[in-house]
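Fair warning: this is a prediction, and the values are worked out from it, not measured in the lab. Protein chains get the first letters and strands the later ones, always in sequence-line order, with residue 1 at the start of each. Side chains included, hydrogens not; waters and symmetry mates left out as well; all remaining heavy atoms used.
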There are 2 protein chains.
Amino acid sequence: MANEQLQEAVNALKKTKVRMTPQRHAILEYLYDSMSHPTADEIYKALESKFPNMSVATVYNNLRVFKEVGIVKELTYGDSSSRFDCVTTDHYHVICSQCGKIVDFHYPGLDEVETLAEHVTGFKVNSHRMEVYGTCPDCSNISKH
Amino acid sequence: MANEQLQEAVNALKKTKVRMTPQRHAILEYLYDSMSHPTADEIYKALESKFPNMSVATVYNNLRVFKEVGIVKELTYGDSSSRFDCVTTDHYHVICSQCGKIVDFHYPGLDEVETLAEHVTGFKVNSHRMEVYGTCPDCSNISKH
DNA sequence: AAATAAATTATAAGAATTATAATGTAAGAA
DNA sequence: TTCTTACATTATAATTCTTATAATTTATTT
């Protein structure tokens, strides 16, 4: 299933002027296989053995390209590294305030919030993002000791 | 009204070990008066004339303190500067993808999302954050030309 | 197979934020 | 009020994430 989505992403890219290079494919593959929310540096390190000469800039460049094409989203966290998330079905993130773990959960898109925001502010709204913060089970257990 | 909230914030700080300094008060005052979402640097520049010797570190230090006490929230935007928002009533933000303008809109807190996230992930959830993205009226008009 | 447009690499630069150490100051105690 | 001390501020340097640049390489088109 991750493979199908990867294929879809590759096809989406072929429709644009974006060329398929080994590095680019590997980054995409890593994003879809890991199903996590890696930072640029995590991706870079993960592919180091396969591409010993790859530059960090390549990772950043490609992530920007993927964002522009709309197949990944960037999750920003202040001065710490951004994380990158494949765009799949409607989901949001729960983030542990202690350890930073990110877990997906599915929830229907909040269309009514978008609509209200449009009416109230006059913006032409096209998307939204939500993060829920709390303490993960692991960190809850630790604090009990 | 901004004044009352400022007073409340000052009182909240007095209950902790946090001392009230002129710089600290000025930063708080700016946050509550401006009712915008300034960056650390904007605050720094705004208070430059009043405190010619103030250090940027002071602004950052205080914003961190305010966050810890829970009177401001940090809004993060990748590698560009964070913005800081006074915690007042339940509201979310609409952000213009073209010019970056941020506008508040009120909406009841999405408690049901938090509850669902708790059940599904086992996290102990305590807050959430949502941003809606679109194009502001100004930028919509420009693109029509 | 040659041409060209795009991608990669290596490196340097930029910007936001934090750490450090010395100095200054708020607030409670004497 | 003055003294004390723990907390704040300042100035500067360091760190970290990300982007820009220029030279080289490579994918696609002709």
Whole-Å distance between dT28(D) C1' and Leu13(A) CG?
15 Å
Polar-atom pairs under 3.5 Å, protein N or O versus N or O of nucleotides 6-8 of chain C: list them with distances, or write none.
from, atom 1, to, atom 2, distance (Å)
dA6(C), O4', Arg19(A), NH1, 3.1
dA6(C), O4', Arg19(A), NH2, 3.3
dA7(C), OP1, Arg24(A), NH1, 3.0
dT8(C), OP1, Thr21(A), OG1, 2.6
dT8(C), OP2, Asn62(A), ND2, 3.4
dT8(C), O3', Gln23(A), NE2, 3.0

Nearest-angstrom distance from the residue atom NE2 of His25(B) to P of dA26(C)
13 Å
Let me know the distance between CG of Leu63(B) and P of dT9(D), rounded to the nearest Å.
11 Å
Atom NZ of Lys15(B) and atom C1' of dA27(C) are separated, to the nearest Å, by 19 Å
With Glu131(A) via side-chain contact (heavy atoms from CB on, under 4.5 Å) - residues at least two apart:
Leu75(A), Tyr77(A), His93(A), Ile95(A), Arg129(A), Tyr133(A)
Could you tell me how far apart Glu42(B) (CD) and dT17(C) (C1') are, to the nearest whole angstrom?
16 Å
Heavy atoms of Glu42(A) and Pro38(A) approach each other most closely as OE1-CA, 3.1 Å
Between dT15(D) (C1') and Asp41(A) (CG): distance, integer Å
14 Å
Quick note, Ala57(A) side chain, CB onward, closest among dA27(C), dA19(C), dT9(C) is dT9(C)
Less than 4.5 Å apart, side chain to side chain, heavy atoms only: is that true for Thr58(B) and Thr21(B)?
no
Considering non-hydrogen atoms only, spot the tightest contact between Cys136(A) and Cys96(A) and give its length.
N-SG, 3.4 Å
Identify the two heavy atoms, one from Asp90(B) and one from His106(B), that lie closest to each other, and give their separation to 0.1 Å.
O-ND1, 3.2 Å
So what's the dot-bracket for DNA chain D: Watson-Crick or G-U pairs under 3.5 Å, [ ] if a pair crosses, | if it pairs off-strand?
||||||||||||||||||||||||||||||
Residues Leu31(B) and Cys86(B): closest non-hydrogen pair is O-SG, 3.6 Å
Using whole Å, what does the distance between atom C1' of nucleotide dA16(C) and atom CD1 of Ile43(B) come to?
14 Å
With a 4.5 Å limit on heavy-atom distance, are the side chains of Phe105(A) and Val132(A) in contact?
yes
Partner of His128(B) under ring-ring contact (aromatic ring centres under 6.0 Å, His included), chosen from Phe123(B), Tyr107(B), Tyr92(B)
Tyr92(B)
Would one find a side-chain N or O of Tyr60(A) under 4.0 angstrom from OP1 or OP2 of dT18(D)?
yes
Figure out the OH/C1' separation between Tyr44(A) and dT16(D), and round it to whole Å.
15 Å
Nearest non-hydrogen partners of Val72(A) and Leu63(A), listed with the distance
CG2-O, 4.0 Å
